[in-house]
Amino acid sequence: MVESSMSGYRGIGRAVLERHGAGVWSDIELEAAQGTFRGLVLPRSETADDRHIVLKLASGYNVGIAAEAVTRITVLGRREANYKLPEKQFPHSRTKPNVVLLGTGGTIASRLDYRTGAVIPAFSPGELYGSVPELAAFCNLRTESLFSVFSENMGPRQYQGLAERIAEEVAAGVDGIVIGHGTDTMHHTAAILSFMVQELPVPVVMVGSQRSADRPSSDAAINLIHAVKAAAESDIAEVMVCMFGPTSDQYGLLHRGTRVRKMHTSYRSTFRTIGDIPLGMIDAARIVYFRHDFHRRRPERSVKLNTAFEEKVTILYYYPNMKPDVVDAVVDKGYRGIVIAGTGLGHVNKPLYPALKRAVQRGVHVYMTAQTLWGYVQMYVYETGREIMELGVVPAANMLPETAYVKLCWALGQSNDPEQVKRIMLTPVCDETTAREPYNGYLVFQGAIPEVQGFLRSIKR
Amino acid sequence: MTTFKPFEAMTAEDYAAIGLRCGLEVHRQLHTPTKLFCRCPAGRYSDAYDAELLRHMRPTLSELGEYDGTALMEKRTKKHIHYRIHRDTVCTYEFDDTPPFLLCDEALDIALEIALLLRLNLVDELHISRKQYLDGSIPTGFQRTTILGTNGWIPYRGRRIGITQLGLEEDSCREVSDIGHDRVLLTDRLGTPLVEVVTDPDLRTPQELAEVGQIIRRLCVSTGKVRTGYGAARQDVNVSVRGGTRIEIKGVPQLWRIPRLVYNEARRQCALLRIRDELHRRSISADSLQHTAADVTGIMARTPFEPIRAALAAGERVACVALRGFAGLLNEPTQEHTLFAKEFSDRIRVVACLTRLPNMIHSDAATDALVGRDWQRLFRQLRAGDRDALILTWGPEEDTRTACEEIVLRAREATLGVPGDTRQALRDGTNGFERVLPGPQRMYPDTDLPPIAVRPERVARIRAGLPEYVWEQEERLRRLGLSEAAAVAVCQAGRAALLTCIVERLGVAAGTVATVLTEYLTSLRRARLEPQRLTDEELFAVFAAQVGGRLTRAGVRRAIRQLLPGGDDADATRPPVDEVFAAIGGPPPRTDELERAVADAVQASRSRRFSCLEARQRYLMGEVMRRWRTRAEGAAVWRLVCATVAAEAAKPGEPIAQRANV
């Protein structure tokens, strides 16, 4: 019996199948203590127990039968699933812009992975055209799968690979770049790419989906349509995130890569621009720009590439009663940078002071951000703040903690000089800190308030 | 072509002659406090809503890499789906912004109970599947569903009717409207747990199907753990005739509607087969079918036909399809009061979203919708002759294009026989096209939830608590002296075991108990007092109190009523039974107390006049019972009243007799 024919089966489940000459994709009749079942043996998830055999019944339902109750198996045939997205040649038009879609492992178009029970991506241009033919209206599409990792496994190697790839694509003359990415850490990647690849002449649009593409209600196709349109047609030559605006299928929002954050575990409208307004909104028909201070599309074919990255940086999320030994441990482990997500305007408790002082004296670069996410750290308002600054902790204005983290990694990759690092950190590259917070940059509505209820009732959110 | 016998005249032999086969899918909501995959309350309905969402559905591949035909059809309809959301009944799970929570254990227990009653082979590990629904009836685009068991049976008139499988699944949305490209749905019912019981296609007449539906219904109800009332149960009916196709008629709310629906579907399939044969006789096959379509807006510019005038006024288009060699067929009857033309009209309505009716006219219809000159022009324009049929449709340009494609598709299907449809049950007993019949390709494993092992201990626990089979219960109740109707009613109320227990242990007459447990509790349900909250123990205690002399027969009802306080927090204020008995019961009155009460009433009645002796007795009875109803037995009081009045009448000279007035 070859290994693949037992995919996922271990222990007694595997033994019973083997004893009866059956394997995955065998069409069998199985007799168990409670009765007879007929169906196709499916692969078993590797994380599931070893005591059950999974059958697909003729009705399409899957059921698990206890292996130890099996008294007889008759193999009637074999029928292997041939999962293939319908592939169609993506049309080419000389008049349409050229867009490249770089895959990192997100679920733009995907299929089931039997081993893990999860979905895995599948996304050649032909497959994409087969499932989202709308894309052909905007561009000539080329795709390339760079990595195949879940977004939580993205790291410096992938960031650098992506940045270099973007530079190459720009040099090769592409008109727009789309990056398919898992949503969990999309904002980290968007921020670091904003720093690593500057002076972009074309849009770089990051996109993902909150519902996998194997679901009819998935946001993947619409997000992809929006992202491809933004890459092909928008005038914004920056790193952006393009995801659902409301949870309804209506429009996408274009978020600046350094100011965007995933704000809900599962909502489609999870990505929000924090402390500012988005760059614009987009649907299949049009792009509406909300602001005009973005970098515009240019004919140049080069970028300013700087892929420096220091890995020994951490975020400390402050909580009341945090003990100084946490800071000490980080310092003793050789960390070179700490981003604190402090309370309120940027505070931590007094017992931490000596540890922070020691950290700075040991050459660790310590920056303060706000765990409230919205608003500036302002360490002059209270004495606490001034004391903390005296320890050598640098306030990072209204930079989001995750953005500050990747920026400190990037800065420390370039220098170890406190002044120079500070200059890099506090000089905004792409609005990671802003001079002003607009009046409509902080909007977290509360349900039940009459005017909000009226809004929810009349506007599809 | 031959005619079909009327419904009333059809015999079992007639159905056998056409090779009728049918089966049933019974959907029954389970009585759980929450929904199946989230913690929202189940069973609360309201048309009010706080917010609306807009979604669209895209077909996806099945697990085995195939597209489902229904999915592709729904994709063609391009529907905007609007979900109405009420804060009390829906959370972010229902509208697909939160992954599922773990399956409701209580629902699983109830479903297992029903599965055991149906003698199904239980599976050992449940795998949650996604069953695709692209019509929007579920915001995820699929229904989460799982199979608990396969290959069971129920007895029916000395036969065994096979039960294919039992599924546990979440209920769908309620439709508010479906007009043009906009479908509006309410989400309150969405997610309510229900079981789907599927029978084998073993049934041979429409009546058999309804009767088996009745058995399954009563079996579910006998657990006392399923929801009842309108909408709590819905049936799908599968019908085919020899040479035909399995057709699913969806959403039949009441079992009595089933026979006529089956009859009409059988009749429709026979008619479609005859039409196919006629087409073949005319040498028209799927390959040789010829058709032309044209935009005829210009020709129709001055038509007096109002629907087209309105369409043209709205800037819409008129299109015409010529089906070569189809002349006369569109007028062929398919169902009662229904012609073959409706097959086309339905498809145009559903797929092309031309929902304003009429949405087409055709050249076979002898209507005066169009003047003869217009038809002549149309025939000329489409180069059609008198052997051809024209179908004219109107609406937005893109929709009329879809409509023309659908007309040709349907015509091609006519050359093949009966297309596999899911059809909707209509009130008049006929059915209409709903969508293409889905296949197993629409099933997909749910990657959000792990498999659930059904442990033998759990099955054993549920098996130990199984109710007696409802037909056995009924037989036993009949042996206790109940009529068939009363026995059925008690079983339906889920109180058969209780009644037996009361009769056998307390010696109360079965009929008396049955009346209280059915009629009286039903009256309380109508008064919205939710008598299902009463436990068997409480009701037993009430009858025991009667037998023990703490309550009278009338007191029984009052005690039950008192056990059910109304109001919002009714459950919190449920009083203990002893308190209720103490409040309304108390010891029966002593003889002298009763005699005094009668004497008082006699005294009070002296100023009144009565039409006859019995009227007077009844008045006295009422007076006494007003005071003693819950403690004194009416029969004893009546005897005392009669005796007192008789004794008085025997005494001469007493004024009470007022003989002149009697």
Side-chain angles (χ1 to χ4, degrees), chain A residues 32 34-37 42 45 47-49 51-52 54 56-66 69 79 81-86 111-112 117-119 131-132 210-218 221-222 246-250 264-269 447-448 453 456-461, chain B residues 49-65 67 71 80 82 87 92 95-99 120-127 129-134 138-142 145-151 164-165 167 198 439-445 447 450-451 453 456:
Chain A
Q34 68 270 45
T36 306
F37 297 87
L42 291 183
S45 163
T47 53
D49 68 42
R51 297 192 310 274
H52 295 90
V54 190
K56 175 171 284 295
L57 306 179
S59 58
Y61 281 93
N62 299 352
V63 299
I65 306 298
R79 193 159 58 90
N82 179 24
Y83 192 105
K84 196 159 163 42
L85 290 163
R111 64 188 172 89
L112 193 75
V119 286
S131 10
V132 194
Q210 282 287 84
R211 294 288 90 78
S212 59
D214 57 351
R215 307 156 69 115
S217 60
S218 172
I222 298 180
T247 181
S248 285
D249 288 351
Q250 284 177 300
H264 194 279
T265 57
S266 51
Y267 251 76
R268 289 161 169 73
S269 51
Q453 287 304 125
L456 291 175
R457 206 185 145 81
S458 55
I459 311 282
K460 293 186 198 309
R461 292 297 306 152
Chain B
Y49 60 98
D50 297 310
E52 274 196 14
L53 295 182
L54 171 70
R55 294 277 167 79
H56 302 94
M57 298 290 160
R58 299 179 77 92
T60 57
L61 286 185
S62 81
E63 184 182 13
L64 300 183
Y67 273 119
H80 304 296
H82 308 260
R87 74 191 103 172
T92 50
F95 57 87
D96 194 32
D97 266 325
T98 287
L120 289 159
N121 301 340
L122 294 190
V123 308
D124 301 302
E125 190 183 59
L126 305 182
H127 287 248
S129 290
R130 302 172 175 176
K131 195 195 282 180
Q132 265 196 21
Y133 279 94
L134 273 89
I138 306 188
T140 43
F142 53 77
T145 169
T146 184
I147 288 291
L148 270 60
T150 62
N151 286 329
T164 316
Q165 62 186 41
V198 183
Q441 292 79 23
R442 67 163 164 167
M443 303 300 296
Y444 195 82
T447 47

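These figures come from a predicted structure and were not determined experimentally. Both backbone and side-chain heavy atoms feed into the values below; hydrogens, waters and symmetry mates do not.
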What's the spacing between [X] [atom1] and [Y] [atom2] if we round to 0.5 Å?
{"X": "Glu52(B)", "Y": "Ser458(A)", "atom1": "CD", "atom2": "OG", "value": "10.0 Å"}
{"X": "Tyr61(A)", "Y": "Leu148(B)", "atom1": "OH", "atom2": "CG", "value": "10.5 Å"}
{"X": "His127(B)", "Y": "Leu42(A)", "atom1": "NE2", "atom2": "CG", "value": "8.5 Å"}
{"X": "Leu54(B)", "Y": "Ile459(A)", "atom1": "CG", "atom2": "CD1", "value": "12.5 Å"}
{"X": "Thr150(B)", "Y": "Phe37(A)", "atom1": "OG1", "atom2": "CZ", "value": "4.0 Å"}

Contact origin within [X] toward chain B - heavy atom pairs under 4.5 Å:
{"X": "Ala32(A)", "answer": "neither"}
{"X": "Gln453(A)", "answer": "both"}
{"X": "Thr36(A)", "answer": "backbone"}

Contact part of [X] toward chain A, heavy-atom cut-off under 4.5 Å: side chain, backbone, both or neither?
{"X": "His82(B)", "value": "side chain"}
{"X": "Asn151(B)", "value": "side chain"}
{"X": "Thr98(B)", "value": "both"}
{"X": "Leu122(B)", "value": "backbone"}

Heavy atoms only, distances under 4.5 angstrom: which of Thr145(B), Thr92(B), Leu126(B), Thr164(B) has the most pairs with chain A? Name it, please.
Thr145(B)
Please lay out, stage by stage, how Gln34(A) and Asp124(B) fare under the test side-chain contact (heavy atoms from CB on, under 4.5 Å).
CA-CA 9 Å; Gln34(A) 68 270 45; Asp124(B) 301 302; 3.2 Å; yes
Decide yes or no on side-chain contact (heavy atoms from CB on, under 4.5 Å) for Ser248(A) and Arg55(B), but give the supporting numbers first.
CA-CA 6 Å; Ser248(A) 285; Arg55(B) 294 277 167 79; 5.5 Å; no
Over all atoms of both residues, closest heavy-atom pair of [X] and [Y]:
{"X": "Pro445(B)", "Y": "Asn62(A)", "answer": "CB-ND2, 4.0 Å"}
{"X": "Asp96(B)", "Y": "Arg211(A)", "answer": "O-NH1, 2.6 Å"}
{"X": "Gly60(A)", "Y": "Met443(B)", "answer": "O-CB, 3.2 Å"}
{"X": "Asp49(A)", "Y": "Glu125(B)", "answer": "OD2-OE2, 3.8 Å"}
{"X": "Asp97(B)", "Y": "His264(A)", "answer": "O-CE1, 4.1 Å"}

Given the options Ile65(A), Val132(A), Thr247(A), which has more heavy-atom pairs under 4.5 Å with chain B than any of the others?
Thr247(A)
Between Pro139(B) and Ser217(A), is any pair of side-chain heavy atoms under 4.5 Å apart?
no
Could you tell me whether the side chain of Ser59(A) reaches within less than 4.5 Å of the side chain of Gln165(B), counting heavy atoms only?
yes
Looking at His56(B), Arg58(B), Met57(B), which hits side chain to side chain contact (heavy atoms under 4.5 Å, CB included) with Pro216(A)?
Met57(B)
